[in-house]
Amino acid sequence: LRSCQRGNFISMASSIVFINQKGEILIYRRFRDDVSRAETINFCNKIVATKEAKESPIVNIDNVSFIHTTQGEITLLATTTANANAALIMQFLYQMVSLCKAYFGGQFDENQIRKNFVLIYELLDEVMDYGFPQITDPDVLKLYITQGQYNPSMSNAERLRQITIQATGAISWRGENIFYRKNEVYIDIIENVNVLLSTRGTVLRSDVIGQVLMKTQLSGMPECKFGINDKLVIRSGANPHGGATATNTNRGISIDDIKFHQCVRLGKFDTERSITFIPPDGTFELMTYRITQNINLPFKIIPMVQEFGTNKVEISVQIKAIFDRANYASNVVMKIPLPKNASQVKSYCGTGKARYEPENGGVFWRIKRFAGDGEYMVRTEAFLTQTKTEKAWQRPPITLDFQVPMFTASGLRVRYLRIYEKSGYKPTKWIRYITKAGQYEHRIQRK
């Protein structure tokens with residue numbers, strides 16, 4: 001995370017504050033004198049203690065901007081009186097949460113903050129200077145800010161020199177003299193499909209949220225060149241609702257939003273559409289993206305509802321996999337909603353198991369393995385008990401959860417991964433594609 005100043009936007013914070021759910025201040029680090037502690041306490045009493053913190057991430061009280069995010073039971077707050085870059089300060093707060101989790105074993109709660117308050121103050125002194133964000137990379141900070149006892153290796157002058165180079169150099173995310181007997185690279189393309197289908201099966205809203213995760217075990221200082229689809233377009237002013245298709249297309253992919261890890265050379269991507277970078281050691285997120293056009297839906301759902309007066313309802317759902325036969329989906333779970341007054345529920349299915357779960361409001365049909373191009377059907381009938389208040393059933397949508405390996409809803413594919421290192425070794429490369437359900441919903445026809 002790099003501090004910046006452009007035009008009239010100044011990326012600086014007056015103070016960073018950790019607050020519990022009662023509105024009590026746990027950590028208070030002041031970097032500038034233009035916002036007092038009393039003004040911060042006023043924010044805690046008015047916003048945090050009254051449970052209004054989640055309504056708006058930026059609150060202005062008496063010409064002081066309070067930029068905050070809530071993670072679990074902790075609210076992390078930055079204050080400023082300047083015309084600051086709010087997006088950068090918010091990103092800094094997210095990075096601060098990730099940094100604390102890296103030090104606290106993935107936990108971020110009041111108990112950990114109270115137990116490690118000295119460490120947090122030390123981290124705040126390193127990650128922010130006079131209100132300007134500095135280095136927030138956990139791998140770099142862990143080299144010289146440690147938990148527990150004094151690290152004797154820090155007395156080595158050569159070790160300190162290497163830490164200084166890594167913290168202040170052009171490649172702060174990767175150390176020197178890294179060596180592996182076996183050089184390997186793992187790539188995971190993970191996509192979450194969000195779609196809302198009408199009662200007739202037409203797409204009302206759809207998008208794909210994807211991420212490229214990498215795990216690198218490479219010696220030396222390698223340069224990687226990563227290529228995806230031949231036809232790649234970065235859209236601007238895209239339709240936020242997008243559209244979807246049920247079949248694969250050869251028109252390439254059109255990306256609405258994309259975000260890279262700091263190691264990526266953006267100039268190369270702009271000119272060549274290739275992703276060039278020197279990777280961090282270990283696991284990291286290379287890029288995230290969002291796509292709203294030419295989405296390949298993995299399943300087609302055809303529901304049919306029949307109501308017999310006010311005493312009985314029958315729902316039949318047909319589901320078809322519209323991906324290649326060589327693939328399969330795992331852990332497919334369909335929720336078929338039923339009225340709250342449903343009783344004597346019976347479900348019939350040829351594949352998987354269908355079970356009524358009244359506490360969750362419907363029948364859950366579970367299929368462990370769903371073959372590509374497969375087609376199955378479930379039928380559910382339920383009798384309705386009489387209630388004092390005859391409210392019409394709202395018919396919530398059918399929801400679907402699944403995981404399809406070696407399939408991407410966006411059509412994104414890795415064309416090549418080239419690795420250049422002066423020793424000339426040939427690493428082993430592994431690539432995996434996974435598509436998961438985000439909010440996958442199909443509306444039921446209303447009366």
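Positions are given from 1, in the same order as the sequence printed here.
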Smallest heavy-atom separation, Thr69 atom then Met90 atom, equals CB-SD, 4.1 Å
Taking atom types as modelled and ignoring hydrogens, do the side chains of Thr79 and Ser15 form a donor-acceptor contact shorter than 3.5 angstrom?
-> yes
List the steps, then state whether side chain to side chain contact (heavy atoms under 4.5 Å, CB included) holds for Glu126 with Ile135.
-> CA-CA 7 Å; Glu126 292 294 334; Ile135 294 173; over 6 Å; no
Check whether any side-chain N or O of Arg415 sits under 3.5 Å from a backbone N or O of Ile228 as a donor-acceptor pair, and report yes or no.
-> yes
Charged N-O contact under 4.0 Å between Asp188 and Lys215 | no
Are the aromatic ring centres of Phe284 and His261 under 6.0 angstrom apart?
-> yes
Over 12 foreign heavy atoms within 6.0 Å of CG, Asp62 = no
Other residues, nucleotides, ligands: >12 heavy atoms within 6.0 Å of Gln439 CD = no
Parallel, tilted or perpendicular, as decided by the 30° and 60° cut-offs, for the rings of Phe299 and Phe370 = perpendicular
State whether the side chain of Lys335 and the backbone N or O of Asn360 hold a donor-acceptor pair below 3.5 Å, judged by distance alone.
-> yes
Main-chain N/O of Gly411 paired with Asn229 side-chain donor or acceptor, under 3.5 Å = yes
With the side chain counted from C-beta on, respond yes when Asn20 and Ile113 share a heavy-atom pair under 4.5 Å apart, and no when they do not.
-> no
Hey, mind stepping through Cys224 and Ile419 against side chain to side chain contact (heavy atoms under 4.5 Å, CB included) and telling me if it holds?
-> CA-CA 5 Å; Cys224 301; Ile419 298 173; 3.9 Å; yes
Side chains of Glu421 and Pro427: closer than 4.5 Å at any heavy-atom pair?
-> no
Is the shortest side-chain N to carboxylate O distance from Glu223 to Lys268 below 4.0 Å?
-> no
Atom NZ of Lys259 with >12 non-hydrogen neighbours under 6.0 angstrom | no
Report the C-alpha distance between Ile178 and Leu218 in whole Å, list the side-chain angles of each, state the deciding distance to 0.1 Å, and finish with yes or no for side chain to side chain contact (heavy atoms under 4.5 Å, CB included).
-> CA-CA 8 Å; Ile178 295 173; Leu218 300 173; over 6 Å; no
Residue pair Asn85 / Ile89, side-chain heavy-atom distance below 4.5 Å | no
Using atom types as modelled and distance alone, determine if a side-chain donor or acceptor of Ser410 lies under 3.5 Å from a backbone N or O of Leu412.
-> yes
Spatial distance of atom CD1 (Ile275) from atom CE (Met287) [nearest 0.5 Å] = 5.0 Å
When you look at Val414 and Tyr433, which way does the side chain to side chain contact (heavy atoms under 4.5 Å, CB included) test go after all the steps?
-> CA-CA 10 Å; Val414 176; Tyr433 302 92; 3.7 Å; yes
Output for pair (Ile189 CD1, Met214 CE), nearest 0.5 Å, gives 9.0 Å
Side chain proximity check, Gln71 to Tyr94, heavy atoms < 4.5 angstrom = yes
Can you check whether Ala409's main-chain N or O pairs, donor with acceptor, with Glu191's side chain at less than 3.5 Å?
-> yes
Enclosure of Lys300 NZ (heavy-atom neighbours >12, cutoff 6.0 Å) | no
More than 12 heavy atoms of other residues, nucleotides or ligands under 6.0 Å from OH of Tyr180: is that the case?
-> yes
So, Glu184 and Lys182, do they make that salt bridge, N to O below 4.0 Å?
-> yes
Is the side chain of Ser36 donor-acceptor paired with the backbone N or O of Glu39 at a distance under 3.5 Å, no angle test?
-> yes
Has Lys142 got its NZ or CZ under 6.0 Å from the middle of the six-membered ring of Tyr103, at an angle within 45 degrees of the ring axis?
-> yes
Candidates Asp34, Asp33, Thr80 - the one meeting side-chain hydrogen bond (donor to acceptor under 3.5 Å, both in side chains) with Ser14 | Asp34
Taking the side chain as every heavy atom from C-beta outward, state whether Ile319 and Trp365 have any atom pair closer than 4.5 Å.
-> yes
How many angstroms lie between atom CZ of Arg37 and atom CG of Asn42, to the nearest 0.5 angstrom?
-> 13.5 Å
When you look at CZ of Arg366, are more than 12 heavy atoms from neighbouring residues, nucleotides or ligands closer to it than 6.0 Å?
-> yes
Shortest non-hydrogen pair, Lys225 vs Ser274, comes out as CE-OG, 3.4 Å
Does a side chain donor of either Thr435 or Thr408 reach within less than 3.5 Å of an acceptor in the other side chain?
-> no
Taking the six-membered ring of Phe179, is the NZ or CZ of Arg181 close enough (under 6.0 Å from the centre) and on axis enough (within 45°)?
-> no
Which distance, rounded to the nearest 0.5 Å, do you find between the CG of Leu77 and the CZ of Phe18?
-> 10.5 Å
For the pair His442 (side chain) and Val195 (backbone), establish whether a donor and an acceptor sit closer than 3.5 Å, ignoring hydrogens and angles.
-> no
Heavy atoms only: give me the nearest Phe226-Val212 pair and the separation to one decimal.
-> CZ-CG1, 4.2 Å
Within-4.5 Å side-chain heavy-atom neighbours: Phe104 and Leu119 = yes
Quiz item: cation-pi between Arg265 and Phe260, 6.0 Å / 45° = no
Provide the closest heavy-atom pair for Pro222 versus Arg174 in the form atom of the first, atom of the second, distance.
-> CD-NH2, 3.5 Å
Do the non-hydrogen side-chain atoms of Asp256 and Asp207 ever get within less than 4.5 Å of each other?
-> no
Assess whether atom CG of Asn60 is packed by more than 12 heavy atoms of other residues, nucleotides or ligands within 6.0 Å.
-> yes
Considering non-hydrogen atoms only, spot the tightest contact between Met406 and Asn327 and give its length.
-> O-ND2, 3.0 Å
Using a strict 4.0 Å threshold on nitrogen-to-oxygen distance, state whether Glu110 and Lys22 make a salt bridge.
-> no
Heavy atoms from other residues, nucleotides or ligands near CZ of Arg30 exceed 12 (cutoff 6.0 Å) | yes
Out of curiosity, Lys340 NZ to Leu338 CG, how far, rounded to the nearest 0.5 Å?
-> 13.0 Å
Side-chain donor/acceptor of Asn294 to backbone N/O of Ser254, under 3.5 Å = no
Distance from Leu213 atom CG to Ile187 atom CD1, nearest 0.5 Å?
-> 10.5 Å
Side chains of Ile209 and Thr288: closer than 4.5 Å at any heavy-atom pair?
-> no
Nearest non-hydrogen partners of Gln134 and Phe132, listed with the distance | NE2-O, 3.1 Å
Determine, for Phe31 and Arg29, whether the Lys NZ or Arg CZ falls below 6.0 Å from the six-membered ring centre while staying within 45 degrees of the axis.
-> yes
